[in-house]
Amino acid sequence: MDAKVRQKTLRMLSNGVYVLTSRSDDRYGAATVTWVSQVSFKPPLVMAALRRERNVFKCLVESRIAALHIVADGQHEIARTFFFPTRANCTTINGEPFAQGRTAAPILANLPAHIECQVEQIVDTEGDHALVILRVVEAQLRGDVRPLTVAQTPWNYGG
Ligand SMILES: Cc1cc2nc3c(=O)[nH]c(=O)nc-3n(C[C@H](O)[C@H](O)[C@H](O)COP(=O)(O)O)c2cc1C
């Protein structure tokens, strides 16, 4: 296999841009993620692939809760904020305001839609990311949203 062709081809998989948040007591984690997909209609399950050293992964392993936010077209700057290590106080994460959701996961006020989830299963692959399967327990949508996709950005995560 040609490594360059493999990288280019895998980068053609269509992915969205999301921000995943979690907390465990007074520790917070938030990261922009793209390796996300729905896994089941009934019950509603989604999956996210996360590196084990991510703060959001460490939090959700402990608390078993997380919130997945849709980033809208034009909200590149907010997504970029969550490429950087999590810095939280009681009202903001990486400078973005949040409130506590139904599950106690942090809900980012400036992103237009989110789901709140309970961790259903963590599949510990041999790879550099673990697969987290999440059960959707709450969903909120504010207005008409056009979701941002990786293809609309100069960013890459894959290969
Ligand atoms: C375009 C892009 C997509 C990303 N997608 C993922 C992803 O799907 N899973 C993951 O674990 N990290 C992903 N990351 C990395 C996290 O956004 C980044 O490491 C973040 O700083 C993690 O926060 P932390 O340092 O507080 O753990 C991605 C980064 C970029 C630039």
Side-chain angles (χ1 to χ4, degrees), residues 4 6-39 45-98 100-101 103-136 145-159:
K4 202 73 205 161
R6 184 203 63 203
Q7 185 193 61
K8 273 191 165 176
T9 308
L10 286 174
R11 285 182 176 182
M12 284 192 257
L13 292 175
S14 299
N15 286 107
V17 178
Y18 310 94
V19 179
L20 186 68
T21 61
S22 182
R23 73 179 282 193
S24 178
D25 295 324
D26 56 355
R27 289 178 46 223
Y28 290 84
T32 293
V33 292
T34 60
W35 290 359
V36 171
S37 184
Q38 184 154 1
V39 189
L45 301 177
V46 297
M47 63 183 188
L50 297 174
R51 271 200 194 266
R52 295 168 191 84
E53 64 266 30
R54 302 279 184 253
N55 285 305
V56 68
F57 182 77
K58 292 180 191 163
C59 287
L60 65 78
V61 164
E62 288 175 13
S63 65
R64 314 296 290 183
I65 52 153
L68 183 72
H69 301 75
I70 308 294
V71 177
D73 191 5
Q75 291 190 308
H76 299 62
E77 281 315 313
I78 297 182
R80 201 190 303 277
T81 303
F82 295 100
F83 292 158
F84 297 100
T86 308
R87 288 171 292 102
N89 58 38
C90 6
T91 54
T92 65
I93 307 179
N94 292 17
E96 282 295 315
F98 75 94
Q100 188 171 297
T103 60
I107 306 302
L108 297 167
N110 292 327
L111 292 178
H114 67 267
I115 53 175
E116 281 187 73
C117 302
Q118 267 157 6
V119 175
E120 184 88 1
Q121 205 182 330
I122 297 176
V123 182
D124 206 10
T125 72
E126 277 181 30
D128 47 22
H129 287 58
L131 182 59
V132 180
I133 300 176
L134 300 161
R135 181 188 284 247
V136 181
V145 182
R146 287 170 58 88
L148 182 66
T149 64
V150 177
Q152 295 166 262
T153 74
W155 310 322
N156 275 307
Y157 196 82

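Here the structure is a predicted model, which is why all the values come from computation and not from measurement. Atoms within each ligand, like the ligands themselves, are counted from 1 in listed order.
- At least one N/O-N/O distance between Phe83 and ligand 1 falls below 3.5 Å.
- In this structure, the side chains of Val33 and Leu68 come closer than 4.5 Å at one or more pairs of heavy atoms.
- Here the straight-line distance linking atom CG of Asn55 with atom CG of Leu60 works out to 11.0 Å at 0.5 Å rounding.
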Would Phe82 and Thr21 count as a side-chain contact (heavy atoms from CB on, under 4.5 Å) here? Give the steps. CA-CA 10 Å; Phe82 295 100; Thr21 61; 5.7 Å; no

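- The two residues Phe98 and Asn89 make their nearest non-hydrogen contact at CE2-O, 3.5 Å.
- Residue contacts with ligand 1 include Ala30, since one or more of its heavy atoms lies under 4.0 Å from the ligand.
- Across Ile107, Asn110, Leu20, a single residue satisfies side chain to side chain contact (heavy atoms under 4.5 Å, CB included) together with His69, and that is Ile107.
- For atom 12 (N) of ligand 1, the closest non-hydrogen atom of the protein is Arg54 NE, 2.9 Å.
- Heavy-atom minimum distance, Thr153 versus Thr149: CG2-O, 3.6 Å.
- In terms of polar-atom proximity, Thr34 is counted as a contact of ligand 1, with an N or O under 3.5 Å from an N or O of the ligand.
- If you check which protein heavy atom lies closest to atom 24 (P) of ligand 1, you get Asn55 ND2, 3.5 Å.
- The shortest N or O to N or O distance between Arg51 and ligand 1 is under 3.5 Å.
- Some N or O of Tyr157 is nearer than 3.5 Å to an N or O of ligand 1, by distance alone.
- Note: an N/O pair closer than 3.5 Å links Ala49 and ligand 1 by distance alone.
- Rounding to the nearest 0.5 Å gives a distance of 5.5 Å between OG1 of Thr86 and CG of Asn94.
- With hydrogens left out, the protein atom closest to atom 25 (O) of ligand 1 is Pro85 CA, 3.3 Å, a heavy atom.
- Of the options Asn94, Val19, Leu20, Thr32, the smallest heavy-atom separation from atom 17 (O) of ligand 1 is shown by Thr32.
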